[in-house]
J.: 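This is the structure I have questions about; it appears just below.
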Amino acid sequence: MVGKTLRKSASAISDTVRRTFSTKQWEHREQLHTLTEENKFFLKKVRWQIAILAHLGFAISFGIRSNFGVAKNRMVNNFTDAYGDVHEKEFYWTATEIGMMESSFFYGYAASQIPAGVLAAKFAPNKLFMIGVLVAATLNAITAFSLRFHPTTDYFVMCLQTIQGLALGVTYPAMHGVWRYWAPPMERSKLATTTFTGSSVGVMIGLPASAYLVSHFHWSTPFYVFGALGVIWAVLWAIVSGASPTTHRYISENEKVYISEKIGTVTVQNMTLTTLPWKDMLTSTAVWAIIICSFCRSWSFFLLLGNQLTYMKDVLHIDIKNSGIIAIFPQLGMCLVTLISGQVADYIRASGKLGTQGVRKLFNTAGFTIEAVMLGSLAFVRDPVIAIICLITACTGSGMTLAGFNVNHFDIAPRYAPILMGLANGLGAFAGAGGMITNALTFENADGWKYVFMLAMSVDLFGIIFFMIFARGDVLSWAREPEREETFHEFVRRMSTIVRKLSRRSRSRSVESSYSKVNEDRQDSSEMKTCKTTIEPVTLEVVPEEPKDLKTDRPDV
């Protein structure tokens, strides 16, 4: 009995000491040594099941994005399929029309980012992620069907592309919202990079798979295939995912306690657009460092996503059937480096060999430098073998940036990570408009690719410099303070109070004006006579109070 009491007392004291010293300088040691988890295979842990399935969700969504970039080579050109049959082009779009068709997706993608961040912080982010992929997959099949009625339905397809962008725009902020509940601090890089490498896998699989389907079947086949995969994935995600560990259906008690203890209480619940610290966010150079790098990374990514096969055909003269296979290797290298860099980044932070800020700048600079050098080389290389090596190296090296700027949201403002992700991804999505510049420079002009790659290299160099100067690794002061919470009913009550006050002021002013008007009329009237009255002063006689201790002959009652 005495031993049990002593153990409980010692446990309580250790918990108190741990909470007292769990500040920034003690963060890594506290996370590593206070609470342990049952040792079991990682796929038996729910958070890793969510990471793998989210990885597949991003792979499908980026496979959907690559469909049009591959299909347009058969749609707007005379095309020889895998069986040797020649097909005449079905679509007579100009370079401007192709650019509008492709960029319409990015307009919707950019517009949905910030609202998606607020929604991911307010509602269940796992459901928001599922809805985004499901809607985009359904619209993918509708797009292929609508294009059969070209050119009548061209503007309708642009609207579908915009809505598809709106749907997929919620995926990144929603997943940051998911990891806000599920990712322990010392596993953020690993879980985040595992999830977001799905985009690389989506391009890696989506480009050759789309090229195969276009060559062997029809230009519309990739749209239907990836649409069906998205619907199947949504069903699996609904079964496996959960809003938080405390509400999950089959998570073990050990894992639930471990995640909850490591993350603590997630406080932002009644967030609205009016309660966010917008001024602090938009004036923070650390936030802009993430935004700038997101734009720079998106510029190169969208360039290769939509035009990689076109570059191989126009400049390197590689057939689409072969270029689809070659396109696997750049994305495979990026995927492997991203996963490795996430593991290494968390190891360096946990070991204390380098702080969070140093780790983020190290991986971000290394990734962007490799990409910039290789893209600059592509501007002058015309040998197919050397060009493919440069392309693979550029994509492979860029995978390190995900362990840099792409998880820095959690470092500087974990409570607002979905908002910052939406802000950075939304402004970064405007890099998709660079597709119009690429089409304008390269349409029937192979030499234009030199300027395309030089421009991409310059964009990467700017991102390196800006992040090195302004990036931070600690939680910013404005991110620690709780925002003013205001429910919808409080908002309505406050607005009704303001309206009532304004109406009372207007009524009092009208009454005062009417009274003053009456007084003026009475004073101006000739019937009014002044009356002088004399008020006589009234003298009050003060009766002294009888003392309390006065003795009398009356008996006491």
J.: Would you confirm whether Thr221, through its side chain, and His218, through its main-chain N or O, come within 3.5 Å as a donor-acceptor pair?
T.: yes
J.: Please report the closest heavy-atom contact between Asn406 and Phe196, naming both atoms and the distance.
T.: ND2-CD1, 3.7 Å
J.: Between side-chain atoms of residues 377-384 and protein atoms elsewhere (two or more places apart, or another chain), which donor-acceptor pairs fall under 3.5 Å?
T.:
from, atom 1, to, atom 2, distance (Å)
Ser377, OG, Val373, O, 2.9
Asp383, OD2, Val385, N, 3.2
Asp383, OD2, Ile386, N, 3.1

J.: Locate the shortest heavy-atom distance separating Gly399 from Ser341; write the atom from each residue and the value.
T.: O-OG, 3.8 Å
J.: For Asp346 and Lys190, indicate whether the former's side chain and the latter's backbone hold a donor-acceptor pair under 3.5 Å.
T.: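 It does hold such a pair.
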J.: Leu303 and Ala456: which non-hydrogen atoms are nearest, and at how many Å?
T.: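 Scanning both residues, the minimum pair turns out to be CD2-CB, 4.1 Å.
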J.: Quick one: side-chain contact (heavy atoms from CB on, under 4.5 Å) partners of Pro222, sequence neighbours excluded?
T.: Asn67, Ser210, Leu213, Val214
J.: Under 3.5 Å, is there a donor-acceptor pair between the Thr396 and Thr393 side chains?
T.: no
J.: Which donor-acceptor pairs under 3.5 Å do the side chains of residues 51-60 make with protein atoms, sequence neighbours left out?
T.:
from, atom 1, to, atom 2, distance (Å)
His55, ND1, Thr194, O, 2.8
His55, ND1, Thr197, OG1, 3.2
His55, ND1, Gly198, N, 3.3

J.: Does any N or O in the side chain of Gln164 come within less than 3.5 Å of the main-chain N or O of Ala136, such that one atom is a donor and the other an acceptor?
T.: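 Side chain of Gln164 to backbone of Ala136, a donor-acceptor pair under 3.5 Å: yes, one is there.
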J.: Of all the heavy-atom pairs spanning Asn126 and Val178, show the shortest one and how long it is.
T.: N-CG2, 3.7 Å
J.: Would you kindly say whether Trp179 and Thr195 are connected by a side-chain donor-acceptor distance under 3.5 Å?
T.: yes
